[in-house]
Amino acid sequence: MPDTPIILGIESSCDDTAAAVVVGGELRANVVSSQDVHGDYGGVVPELASRDHQRLIVPVVAQALNEASIAREDLDAIAVTYGPGLAGSLLVGLSFAKAYALGLGIPLVGINHLEGHIYSVFIEGRPAFPYLCLVVSGGHTQLVHVDDGFALALLGQTRDDAAGEAFDKVAKLLDLGYPGGPTIDRLAQQGDPDFHRFPRTRPDPDGYEFSFSGLKTSVLYYLNAFSEEERIHFLDDHLADLCASFQQAIIDVLVDALRRGVRETGVKDVAVVGGVSANTGLRAAAEALVEEEGITLHLPPLKYCMDNAAMIAVTAHYKLAAGRTSPLSLTAQPSLALG
Ligand code: KG4
Ligand code: ZN
């Protein structure tokens, strides 16, 4: 393997069809085609997602290679997300990647999507090991201790809904479309986070477990207390306040866990990654920890928070350097855990 391997990364675990090229760990192209077929349904429809991946994967890969000025034959390895995610969606990317690896006679590097998010801070930065990583996405909320050599230790995770899922479900209650996180984020910036105090649930106050399904129910009960007409007036006046109050409850719980994690482990580098790490309020609250706790904070640039293939290709760069490749018999693993 050359010192500066050229790697094509592919990500298709949910509703984004993405391809990226890294050369020696440096990103050369990053193409994400977010599917717009799900908006009318208020969430991702698995069957539509896999069909759209099939339609998009060839042009998305072609565009990434083209933008990187790399010919297929120049590639040294193919990296692909093999889980967790939607089975049909994962299969499209994985089958494509295997065919490429087989056809070109180059190694396949299977990447865990969660590891991709965890190492997304390496696309443009270099955290010192060990670092504490808060993974907050549509499917996961986890606090992970990350050490060199891909040594990942899960400190805690959500018992029910993920943080992003809570954003999406509350957005649905408020008729704000899918995905809801970005819209709630935008509205919350004009609202008062102290307008209403929603519960900050900590299932094990001394540990690092999360629970967000009760919060969503609290918002539902809060809205159900109004008559239809009152509710319309209330939302006319206070939609932004409601979004800010709900968002603050999530941020408080996440940042509290992060702060305790820093104090208890003594780790000095902290990362917040995944779709919800794009949240303006969460980024500001994490920034506040820098002064408060004397940590170095690593936040992915916004374009690498949501699902992308740059994080898959960069993670593969380090896996490959450690001599880790995958057999062509690799299968899609929808419930793949960390580790
Ligand atoms: O990492 P990601 O793209 O996909 C998964 O692996 O799940 O995360 C998507 C999630 C969605 O739930 C979306 O609503 C949320 O990230 N999200 C946000 C923001 N941008 C995306 N949540 C809060 N604030 C945002 N600005
Ligand atoms: Zn993700």
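Note that ligands are numbered from 1 as they come in the structure, with each ligand's atoms numbered from 1 the same way.
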[X] neighbourhood, listing ligand 1 atoms whose heavy-atom distance to it stays under 4.0 Å:
| X | result |
| --- | --- |
| His117 | 1 (O), 6 (O) |
| Gly138 | 5 (C), 7 (O), 8 (O), 9 (C), 10 (C), 12 (O) |
| Gly164 | 12 (O) |
| Ser137 | 1 (O), 5 (C), 6 (O), 7 (O), 8 (O) |
| His113 | 6 (O) |

Handout entry: N, O or S from His117 under 2.8 Å to the Zn ion (ligand 2)
Key = yes
[X] near ligand 1, heavy-atom distance under 4.0 Å?
| X | answer |
| --- | --- |
| His140 | no |
| Arg186 | no |
| Gly139 | yes |

Exercise for the section: Using a strict 4.0 Å threshold on nitrogen-to-oxygen distance, state whether Arg263 and Glu293 make a salt bridge. Expected result: yes
Practice task
Using a strict cut-off of less than 4.0 Å between a Lys/Arg side-chain nitrogen and an Asp/Glu carboxylate oxygen, indicate whether Lys216 and Glu165 qualify as a salt bridge.
Solution key: no
Practice task
Find, among atoms of Asp307 that are N, O or S, the one nearest to the Zn ion (ligand 2), and state its name.
Solution key: OD1
Problem - Closest approach to the Zn ion (ligand 2) by His113, given as the N, O or S atom name - result: NE2
Handout entry: Residues, nucleotides or ligands: over 12 heavy atoms within 6.0 Å of Arg159 CZ
Key = yes
Problem - Over 12 non-hydrogen atoms of neighbours within 6.0 angstrom of CD in Glu26 - result: no
What residue and heavy atom of the protein are closest to [atom], and at what distance?
| atom | result |
| --- | --- |
| atom 26 (N) of ligand 1 | Asp185 OD2, 2.8 Å |
| atom 20 (N) of ligand 1 | Gly275 O, 3.4 Å |
| atom 13 (C) of ligand 1 | Asp168 OD1, 3.8 Å |
| atom 24 (N) of ligand 1 | Asn279 ND2, 3.0 Å |
| atom 18 (C) of ligand 1 | Gly181 CA, 3.5 Å |

Please report whether ligand 1 has a polar contact with [X], defined as an N or O pair separated by less than 3.5 Å (distance criterion only).
| X | value |
| --- | --- |
| Met306 | no |
| Phe167 | no |
| Asp307 | yes |
| Gly274 | no |

Problem - Cation-pi check, Lys172 onto Tyr178 ring (under 6.0 Å, within 45° of axis) - result: no
Problem - Residue among Val44, Leu86, Val45 satisfying side-chain contact (heavy atoms from CB on, under 4.5 Å) with Asp15 - result: Val44
Do [X] side-chain atoms and [Y] backbone N/O form a donor-acceptor pair below 3.5 Å?
| X | Y | result |
| --- | --- | --- |
| Asp204 | Asp206 | no |
| Glu230 | Ser227 | yes |
| His238 | Phe195 | no |

Handout entry: Aromatic centroids of Phe122 and Phe129 separated by under 6.0 Å
Key = yes
Handout entry: Ring centroid separation Tyr222 to Phe234 under 6.0 Å
Key = yes
Handout entry: Side-chain heavy-atom pair Val314, Tyr119 within 4.5 angstrom cut-off
Key = no
